[in-house]
Amino acid sequence: MHDRAIGRAAFLGLVGAGVAGLFYGRDGMDLVGRLVPDGVASIVPTGGWRIYTIGSSIPRLDPAKYRLTIGGAVRHPVTYTLADLRSLPRAEQVSDFHCVTGWSVENVHWAGVRFRDLLGEAGLRHDAKTLRFVSAEAPYDDTLTLPQALAGDVLLALDMDGKPLSHAHGFPARVVMPRMYGYKGAKWVSRIEVETDYTRIGFWEQRGYDKDAWIGASNGY
Ligand SMILES: Nc1nc2c(c(=O)[nH]1)N[C@H]1C(S)=C(S)[C@@H](COP(=O)(O)O)O[C@H]1N2
Ligand SMILES: [Mo]
């Protein structure tokens, strides 16, 4: 396990040097998670996370101006406000989170919207095959197939551990796919493009990572 983790870290260095921004403690919550003594840190719900962004600072989306657009192979393109998203049926789950570089956070409590409910109003065209999640943090994006996105443990998360997502963790919306590595889950999602093929690959996949990022069965495992 250990040398595999090192191998993956080396791989990350090889393909992504200078691209991945890694921040510790820039966000209030994460700072708390790291400053409290060890015994207490284990009960701080955000403990263990590393905050990733491809830019030089954490995007701060204005909740009043935020819009999520759904377009592409749909019958009716839709634009949702944050209040619209919060009025959709609410789903909750507890799942573990794994980054491909070797760190994990167990028992993350997510709440948000299942893609079945999110896509209902737009309506998928018969030729729809994939969902491309476009982050407000350009050019970050990633794609899930419809069967992957519509699975019962996948959601567009709005809350983490009982509170709205922090800016660092992707406020106001991020994709959660717990059976795949974390890079499949775009933070700061502002657009869902429904596509008719599975040829476009996401930000990290363009840099060498697997498109189907199954935990334990991809990226060299
Ligand atoms: N927009 C955006 N989404 C992103 C990333 C990123 O850099 N930018 N990093 C991904 C990776 S590799 C991981 S492991 C998780 C990390 O989530 P966290 O920053 O909330 O810990 O976010 C994913 N989503
Ligand atoms: Mo990651």
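This structure is a prediction, so every number in the text was calculated from the model and none was measured.
- Nearest heavy atoms, Thr53 versus Pro59: OG1-CD, 4.3 Å.
- In this structure, the separation between CD on Glu205 and CG on Asn219 is 9.0 Å, given to the nearest 0.5 Å.
- The aromatic ring centres of Trp204 and Tyr181 sit 6.0 Å or more apart.
- Side-chain atoms of Tyr183 and Asp210 form no donor-acceptor pair, as typed in the model, at a separation below 3.5 Å.
- In this structure, a donor-acceptor pair under 3.5 Å is absent between the side chains of Gln206 and Arg200.
- Scanning both residues, Ala73 and Asp127, for their nearest heavy atoms gives CB-OD1, 4.2 Å.
- Looking at heavy atoms from C-beta onward, His109 lies out of side-chain contact with Asn107 at the 4.5 angstrom threshold.
- Between Trp103 and Phe97, the ring centre distance stays below 6.0 Å.
- The cationic atom of Arg207 (NZ for Lys, CZ for Arg) lies less than 6.0 Å from the six-membered ring centre of Phe203 and within 45° of the ring axis.
- Between Asp141 atom CG and Arg132 atom CZ the span is 5.0 Å, to the nearest 0.5 Å.
- In the hydrophobic cluster analysis, where Ile, Leu, Val, Met, Phe, Trp and Tyr join through side-chain heavy atoms closer than 4.5 angstrom, Ile201 is grouped apart from Tyr209.
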Given Asp96 and Val105, is the side chain to side chain contact (heavy atoms under 4.5 Å, CB included) satisfied, shown in steps?
CA-CA 6 Å; Asp96 296 346; Val105 182; over 6 Å; no
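- Between Phe171 and Ser166 there is no side-chain heavy-atom pair separated by less than 4.5 Å.
- Residues meeting the ring pair (Phe, Tyr, Trp, His ring centres under 6.0 Å) test with Tyr66, sequence neighbours left out: none.
- In this structure, Thr199 OG1 and Lys129 NZ are separated by 10.5 Å, a value rounded to the nearest 0.5 Å.
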Could you walk me through whether Gln93 and Val176 satisfy the side chain to side chain contact (heavy atoms under 4.5 Å, CB included) test, starting with their C-alpha distance in whole Å, then the side-chain angles of each, then the deciding distance to 0.1 Å, before giving a yes or no?
CA-CA 10 Å; Gln93 71 188 48; Val176 173; 4.0 Å; yes
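- Pairing each heavy atom of Lys211 with each of Lys184, the nearest pair is O-NZ, 2.6 Å.
- Val134 is not connected to Leu118 by any chain of hydrophobic side-chain contacts under 4.5 Å among Ile, Leu, Val, Met, Phe, Trp and Tyr, and they are in different clusters.
- In this structure, Arg191 contributes its side chain and Ile70 its backbone to no donor-acceptor pair below 3.5 Å.
- When every heavy atom of Pro63 is checked against every heavy atom of Leu82, the shortest pair comes out as CB-CD2, 4.0 Å.
- The backbone N or O of His167 sits less than 3.5 Å from a side-chain atom of Trp188, completing a donor-acceptor pair.
- Within the 4.5 Å cutoff, the side chain of Leu158 has heavy atoms near those of the Leu85 side chain.
- With a 4.5 Å cut-off on side-chain heavy atoms, Leu156 and Val175 count as touching.
- Scanning both residues, Ser218 and Ala213, for their nearest heavy atoms gives OG-C, 3.3 Å.
- The minimum heavy-atom distance between Asp62 and Ala64, with the atom names listed, is OD1-N, 2.8 Å.
- Between the Ser135 side chain and the Ala138 main chain, no donor and acceptor come within less than 3.5 Å of each other.
- Judged by distance alone, the side chain of Glu92 and the main-chain N or O of Ala111 form no donor-acceptor pair under 3.5 Å.
- Judged purely by distance below 3.5 Å, without hydrogens or angles, the side chains of Thr81 and Asp84 pair a donor atom with an acceptor atom.
- To the nearest 0.5 Å, atoms CZ (Arg116) and CG (Leu124) are separated by 10.0 Å.
- Phe115 has its ring centre less than 6.0 Å from the ring centre of Phe133.
- Applying the salt bridge (charged side-chain N to carboxylate O under 4.0 Å, His left out) test to Glu121 and every residue at least two apart in sequence or in another chain returns nothing.
- Taken together through direct or relayed side-chain contacts under 4.5 Å among Ile, Leu, Val, Met, Phe, Trp and Tyr, Ile215 and Tyr221 form part of one hydrophobic cluster.
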Worked verdict on Leu119 versus Val74 for side chain to side chain contact (heavy atoms under 4.5 Å, CB included):
CA-CA 9 Å; Leu119 296 167; Val74 295; 5.5 Å; no
Run the side chain to side chain contact (heavy atoms under 4.5 Å, CB included) check on Thr79 and Leu68 step by step: do they pass?
CA-CA 6 Å; Thr79 300; Leu68 175 69; over 6 Å; no
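- Here Trp49 contributes atom CH2 and Cys99 contributes atom SG; the two are 10.0 Å apart, rounded to the nearest 0.5 Å.
- Between the side chain of Arg174 and the backbone N or O of His169, at least one donor-acceptor pair lies under 3.5 Å.
- Residues Arg125 and Thr196 have side chains in contact (heavy-atom distance under 4.5 Å, counting atoms from C-beta outward).
- When side chains are defined from C-beta on, Ile54 counts as touching Glu137, because their heavy atoms get closer than 4.5 Å.
- Side-chain atoms of Arg90 and Asp159, non-hydrogen and from C-beta on, do get closer than 4.5 Å to each other.
- If you run side chain to side chain donor-acceptor pair (under 3.5 Å) between Tyr198 and each of Asp212, Thr145, Thr143, Thr130, only Asp212 comes through.
- Side-chain contact between Arg179 and Trp214: present, with at least one pair of heavy atoms (C-beta onward) separated by less than 4.5 Å.
- How far CG of Leu144 is from CG of Leu150: 9.5 Å, rounded to the nearest 0.5 Å.
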